[in-house]
Amino acid sequence: MNGQGVTALLLSCCAAAAAANPFQALIEQRADAVVTVRYVYKVQMSFMGQSMDNEDAAEVYGVVVEPHGLVICSNMQLGGSIAMYSRMSGEMDTLVTPVGTKVILPGDTKEYTAQLIARDENRDIAWVQVDDAGGKEFPYVDFAASVEVALGDFVYAVGRMGKHFDRAPLVGEARIGGLCERPRRLYASADSLAGFVGLPVYTADNRVVGLVVAQMPHGADATPDEMELGSVLGMGATTILPAAEVLSALALAKDMVAGATE
Amino acid sequence: MKTKEMSYCARGDRYAAVSIATVLFLCAAPAGRAADQAPLQAELKRVIEAARDAVFPAVVNIDVVASHFWGGKENKIRSVGSGVIIDPSGLVVTNYHVTKQGKRFRCTLADRREVSAELAGEDPLTDVALLRLDAGGAPYPAARLGDSSTMTAGDFVMAMGSPLALSRSITLGIVSNTERTFTQFGGTETEEMQLDEGERTGLFTLWIQHDAMIMPGNSGGPLVNLNGEVIGINELGGFGAGFAIPSNLVRDVAAQLDEHGTVTRSTAGISIKPLQRTGMTAGVLINSVVENGPAARAGLQPGDRIVALDGEPVTVMFPEEVPRFLKRIADYPLGATLALKYLRGETQHETTLTTERFTPDKGDEGYFRQWGLTAEEITPLIAQTNLLDSTAGVLISGVRTGSPASEAKPPLREKDVITRVEGKEVEHLGTLRALFDEIMTREPTPKWVVIEFRRGGERMISALAPRPDDPMQPPRELPTAWAGIETQPVYPDLAKELGHPDETGFRVTRIYPRTTAAECGLQVGDLIVGLNGSELRARNPQDAGLFRQRIRQLSIGSEGVFRYLRAGEIGEATMVFERSRITAAEAARARDRDFEVEVREITFFDRADKEWDDAKQGVIVQFVESAGWAGLAGMQAGDLLLRIGDRAVSNVREFKIVMEQLRDERPERVVFLVERGVQTRLLYAEPEWTGSGG
């Protein structure tokens with residue numbers, strides 16, 4: 001057997017191994033792009049001319065999508081869901097504003113100051129830009145190199161466990177159980193990837209499929225029973241926004257931030 | 001029974017005084033004896049009215065704006081209490097719990113004049129405070145402080161003040177007890193009363209208990225006898241009983257507050273227990289001894305019984321005698337040497353004790369906004385309670401959630417004692433304030449501030465990243481394609497009633513002016529049934545959002561052809577989809593910290609909803625702190641701010657400019673012109689300029 005044949009045999013063995021157990025490869029190749037977004041947010045409520053405000057702090061996981069530190073995460077998890085707060089606060093006018101955002105890389109103690117630069121409540125995406133990466137290039141996920149999947153296909157999400165567990169990488173597995181066209185094009189899975197909202201999903205061979213998102217109807221679009229959170233989540237299905245939609249939203253966000261369409 | 005009354009935060013309308021004396025005379029009396037009693041009743045009425053008239057003109061309603069610290073933040077509170085003028089120069093006696101942490105005092109006199117006042121001094125231990133009215137209005141009507149020791153149970157008294165913020169009110173009752181003290185239920189030990197946690201009061205007070213009705217708002221108001229003299233200052237009340245601080249005690253405290261701004265007292269460093277139910281019959285039983293205090297240094301121990309003080313036998317048998325004994329010690333000059341005889345068991349001993357200053361239980365407190373914490377002075381009592389070995393440093397009294405202090409490495413916590421900042425010693429609150437001000441005015445603001453602190457028995461160090469005060473602009477929502485119309489779904493049931501059972505869709509309910517929708521030919525009432533060749537049907541409630549969803553899927557600037565039904569005829573309208581408009585949540589905003597108000601730009605939807613044309617300029621009040629200067633002036637969220645003084649405000653940028661100018665000018669009064677509903681209103685603010693800025 002010549003060298004090329006040995007190489008081909010090795011490669012096919014690796015591919016077979018990865019296909020049989022993609023978890024290890026996914027963690028090795030994707031986990032570094034999963035970062036912590038820590039933020040303080042202010043909730044202002046006004047009712048009949050009287051106001052009150054409060055602050056709170058929280059953190060979510062997001063994924064770096066460009067090497068200079070552009071991160072996407074779930075808009076709803078980032079406290080940006082006005083619909084959510086409006087539901088909770090009833091007749092009150094409610095405004096949620098992040099007042100301090102930081103990005104923390106895995107295994108890195110440094111906290112990068114960042115700004116929440118755009119939101120998309122419809123697609124459930126928020127964009128956080130690191131202020132000054134100091135020339136550092138962040139590991140990132142390129143949504144342009146994506147693939148479409150079909151009913152029955154397995155997909156995998158890469159996230160992290162909580163702080164208490166040193167944010168160890170975690171892979172979740174799901175199967176595409178449905179395809180939606182309304183309110184937008186979405187993959188759906190009956191397997192819960194609830195812990196991976198705001199994070200990408202991949203195929204077994206490590207190609208990007210889309211982003212796990214939460215989908216809440218607009219207040220004006222929803223019927224009274226849809227305003228109840230339980231009915232929105234339906235049977236507990238996970239919804240995945242196809243990568244092409246993520247890219248489309250990213251382009252709009254960058255245009256908006258650059259002021260190109262002002 | 002322990003009752004406690006707190007001053008009441010209210011903005012009630014003010015009502016004229018009611019002569020409650022007349023109530024007495026409405027009581028039924030046997031018809032046959034009415035003629036006999038008439039002269040007596042008339043005389044009583046005359047006496048009551050004379051007493052009322054002697055004091056009532058001197059009663060004031062006190063409006064207080066105070067800073068309270070909790071949750072690691074400074075919160076402004078507005079409250080109302082009562083007081084009485086005791087000197088024509090304008091000295092007003094009230095309760096300390098009315099004035100506590102007050103930043104601004106406004107007194108309304110009996111003739112409805114409003115006069116500013118300053119704090120002359122406060123005494124938490126007796127809950128007495130003294131204000132000084134603006135000298136420009138002197139001479140003021142003043143009441144006379146009477147001799148409270150002449151009062152006996154059964155004497156008529158009147159309570160005057162502002163119950164529930166209803167100013168200039170009087171109630172009538174009788175004295176129930178002239179030496180009320182509070183013990184734990186069923187016990188003999190006097191209950192230690194506290195205004196706030198850790199702040200004792202009432203140590204030297206034997207209250208005059210009465211049944212003239214008092215309610216929140218009466219705090220600090222006078223209790224008046226039939227001679228027209230103030231014989232007490234109302235402090236506590238509830239369940240039909242009121243409790244007033246005797247005027248003899250008030251007189252002494254007020255004199256010291258007027259002269260020195262504070263009350264100087266001695267302490268022996270002991271607490272005592274009445275002998276009742278102990279089986280002992282003589283002496284003053286020592287309950288506890290303050291570590292390293294005067295009594296401890298004199299060799300006294302808990303259980304010792306002082307039998308003579310400076311050669312005079314002393315005994316505290318009953319709870320009512322405790323405050324008298326403590327006051328006797330407190331009245332000694334500082335550093336006085338007391339000759340004591342005491343029993344330990346059956347053996348008599350002698351010692352001398354040198355008194356020390358009775359230090360306040362609580363000191364000043366401050367808010368350090370950019371660090372997100374509040375801190376207070378460490379008094380000897382605080383040091384003792386928290387097991388601190390000295391009063392050096394400042395105690396963190398609160399940490400704001402999500403603040404730099406809570407995010408410090410490691411996070412700072414309540415009860416931590418800050419000892420150094422950037423290596424410089426923090427001796428007391430003033431030192432910390434000076435260090436804080438210096439650090440936060442540096443250019444640029446340091447990224448990290450190193451803070452050394454004590455936590456329990458540990459000496460720790462933390463790095464805190466101060467957060468600049470830059471107001472955050474809200475992030476923008478991603479723009480989407482937008483049609484300048486509003487619609488409602490028309491389901492089959494409604495479609496049938498409208499006469500077109502086969503045609504469901506989306507009925508145009510509104511067309512926004514100055515949009516492409518206004519020019520495309522659609523009208524309110526049209527039923528949109530298709531878009532770009534595809535049907536738009538509202539079959540059931542799940543389709544409610546279909547119209548918007550379909551639009552959002554299109555591109556900004558693309559054309560859409562709507563198919564609609566109007567008066568039974570199908571038509572088409574072509575519309576260019578615009579970029580979605582900015583909502584209130586995304587509008588640019590500015591916050592002014594002096595006036596504690598946040599404003600934002602007027603949005604397209606504001607103009608559409610309120611039918612404002614482009615000529616309407618201003619900024620919309622998004623948030624206003626109720627006890628901030630703008631809130632106190634009456635500004636409300638939702639107001640449209642048109643003008644500040646003589647300067648028009650068209651947008652957020654101009655608002656910031658004008659507020660900056662005001663900070664430079666520091667006028668005594670600022671007038672805001674706002675539009676609220678269909679009316680404009682002039683709002684007058686009287687700020688106290690602190691320079692904290694926007």
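Residue numbering restarts at 1 for every chain, and letters A, B, ... go by the order of the sequence lines. Worth saying up front: this structure is predicted, and the values here are computed from it rather than measured.
Annotation: the span from B/Q553 atom CD to A/E245 atom CD amounts to 8.0 Å, rounded to 0.5 Å. The CG atom of A/N75 sits 6.0 Å away from atom CD of B/E477, with the distance rounded to the nearest 0.5 Å. The CD1 atom of A/I125 sits 8.0 Å away from the CG atom of B/L478 when rounded to the nearest 0.5 Å. For the atom pair A/I117 CD1 and B/R476 CZ, the distance stands at 12.5 Å (nearest 0.5 Å).
Using a 4.5 Å cut-off between heavy atoms, B/E598 touches chain A through its side chain atoms alone. For B/T480, the part lying under 4.5 angstrom from a heavy atom of chain A is the side chain only. If you measure heavy-atom distances from A/A249 to chain B, the contacts under 4.5 Å come from both the backbone and the side chain. Proximity to chain A (any heavy atom under 4.5 Å) is restricted, for B/R400, to the side chain, taken from C-beta onward.
No more than 12 heavy atoms of other residues, nucleotides or ligands shown are found within 6.0 angstrom of OH on A/Y140. The 12-atom threshold is not exceeded at NZ of B/K447, counting heavy atoms of other residues, nucleotides or ligands nearer than 6.0 Å. Counted within 6.0 Å of CZ on B/R413, heavy atoms from surrounding residues, nucleotides or ligands total 12 or fewer; the atom is thus considered open.
Counting all heavy atoms, side chain and backbone alike, A/A57 lies closest to B/G402 at CB-CA, 3.7 Å. Taking each heavy atom of A/M256 and B/P479 in turn, the nearest pair found is SD-CD, 3.5 Å.
At least one side-chain heavy atom of B/K409 sits less than 4.5 Å from a side-chain heavy atom of A/E111. Annotation: side chain of B/E407 is in contact with side chain of A/R38 (closest heavy-atom distance under 4.5 Å).
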> Which is it for A/R119 and B/E586 under the side-chain contact (heavy atoms from CB on, under 4.5 Å) test, yes or no, and what are the steps along the way?
Replying inline: CA-CA 10 Å; A/R119 284 174 167 163; B/E586 301 167 271; over 6 Å; no
